[in-house]
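Report on one structure; see the data block that follows.
Both ligands and their constituent atoms are indexed starting at 1 by order of listing.
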Amino acid sequence: MNTTVKHTEFNIDTIREDFPILNRKVNGKPLVYFDNAATSQTPKQVIDVIVDYYSNYNANIHRGVHTLSQEATDLYEAARLKIQQHFNAKHSYEIILTSGTTHGINLIANGFTNLLEKGDEVLVSALEHHSNIVPWQMLCERSGAILKVIPMNEKGELIIRDYDALLSKRTKLVFVNHISNALGTINPIEDMIKKAHQVGAAVLVDGAQSSPHIKPDVQALDVDFYVASAHKMCGPTGVGLLYGKEKWLNKLPPYQGGGEMIDQVTFEKTTYAGLPHKFEAGTPNICGGIAFGAAIDYMNAIGFDAIATYEHELLDYATAQLSAIEGLKIYGTADEKTSVVSFNIEGIHPYDIGAILDKLGIAVRTGHHCAQPIMDFFKIPGTVRASFAFYNTKAEIDALVEGVKKAKMMLS
Ligand SMILES: *Cc1c(COP(=O)(O)O)cnc(C)c1O
């Protein structure tokens, strides 16, 4: 199975050829795909791996003595090693394959139920996705712990002075995303992790938005838990990773019971399998895991430094072009941000702009972006969000800018 790509230099034309979907038309216009923060597109190198899997290797893993099962198991475990290397986990068994970011967060939130006591405090940032808010609220209801919020400022940056003041001996857990999906803010997680550890709190970083743009090093960060989804980094939906430090994963109870996660089962007592299988009950997304590994190979072949540089050019270009439109306001102006532009035009509902852009073949997100508290902060119902990936172009941004001008004319 050949998952290697030849990308010796960053050439946008050859990169675009890797993505079949970029050739399609929407409403008679060439597709301009600017909803990358919701899900990324899939290169043919990853699609080929999926086709190859179902054509040649499809079998259940870790169970059969037969050849197909062994081949599928080898490919799946090889993908785990790729994920381990990419995120630089110390051990491969610290990588739990999940169905995505949401699953990983719920697994940890569930595991902490009996590790927290009434009056313990957990901190969550004001910039979170609902999937990094609601599971912690549920955890607090179960355990009697108190949820406190790290506030943000008008630029969409966390107020670190306030974070410092919130930290105390009562703080047991801190949840923060590396990058906000709604605003693109890059949070100072190194500093936040260090400070949390000084009071003995563990930190979970939601890497759903950072993993497509930055190659994280979980050991250098010294982060306790890190979660991400494959579908935001050129992989398929329904698969993701949970990294946890070995000492934490050993301390946490299993999340779901079932096949694969057991050592011995009798009706009197069941003993659990070791890591990572303790947290991987049932048949996993085998093909998805293998394709996740291929997506990581693909992105590394392009190169994360080249990706970051190019996407920053797109961000600066789009910010300048869009800001020049009268009445347009950009939300999220943090000094450190990735290629997300969230905006509104005075007096126009974001949904109406999105609908007109769709008629022009331009895919953007409108609404609260699963981050209602951020919208409440700015006292708006939602925004139009254009999020760029390394396969987008300045010409596509020009089309967006023209489309927004047209929408403004039609709607005001
Ligand atoms: C997309 C996203 C999630 C949820 O990811 P799923 O793949 O839907 O589980 C969580 N947090 C952030 C910051 C996201 O962008």
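Not a single heavy atom of Asn132 sits closer than 4.0 Å to an atom of ligand 1.
For ligand 1, the atoms sitting less than 4.0 Å from at least one non-hydrogen atom of Asp206 are 10 (C), 11 (N), 12 (C), 13 (C), numbered in the order shown with element in parentheses. For ligand 1, the atoms sitting less than 4.0 Å from at least one non-hydrogen atom of Asn181 are 15 (O), numbered in the order shown with element in parentheses. If you number the atoms of ligand 1 from 1 as listed, the ones under 4.0 Å from a heavy atom of Ser229 come out as 5 (O), 6 (P), 7 (O), 9 (O). Atoms of ligand 1 lying under 4.0 Å from at least one heavy atom of Ser131, given by number and element, are 3 (C), 4 (C), 10 (C), 11 (N).
Not one N or O of His103 is nearer than 3.5 Å to an N or O of ligand 1, by distance alone.
In this structure, the side chain of Glu313 does not engage the main chain of Tyr310 through any donor-acceptor pair within 3.5 Å. Side-chain atoms of Thr98 come within 3.5 Å of backbone atoms of Gly240 as a donor-acceptor pair (strictly under, hydrogens ignored).
Relative to atom 2 (C) of ligand 1, the option among Glu128, Gln209, His130, Lys232 with the closest non-hydrogen atom is Lys232.
If you check the side chains of Gln209 and His129, you find no donor sitting under 3.5 Å from an acceptor. In the model, Asn177 has a side-chain atom that pairs as donor or acceptor with a side-chain atom of Asn187 under 3.5 Å. Judged purely by distance below 3.5 Å, without hydrogens or angles, the side chains of Thr383 and Ser342 pair a donor atom with an acceptor atom.
Contact annotation: for Thr102 versus ligand 1, heavy atoms closer than 4.0 Å belong to both the backbone and the side chain.
Here the shortest heavy-atom pairing between Leu315 and Thr338 reads CD2-O, 3.5 Å.
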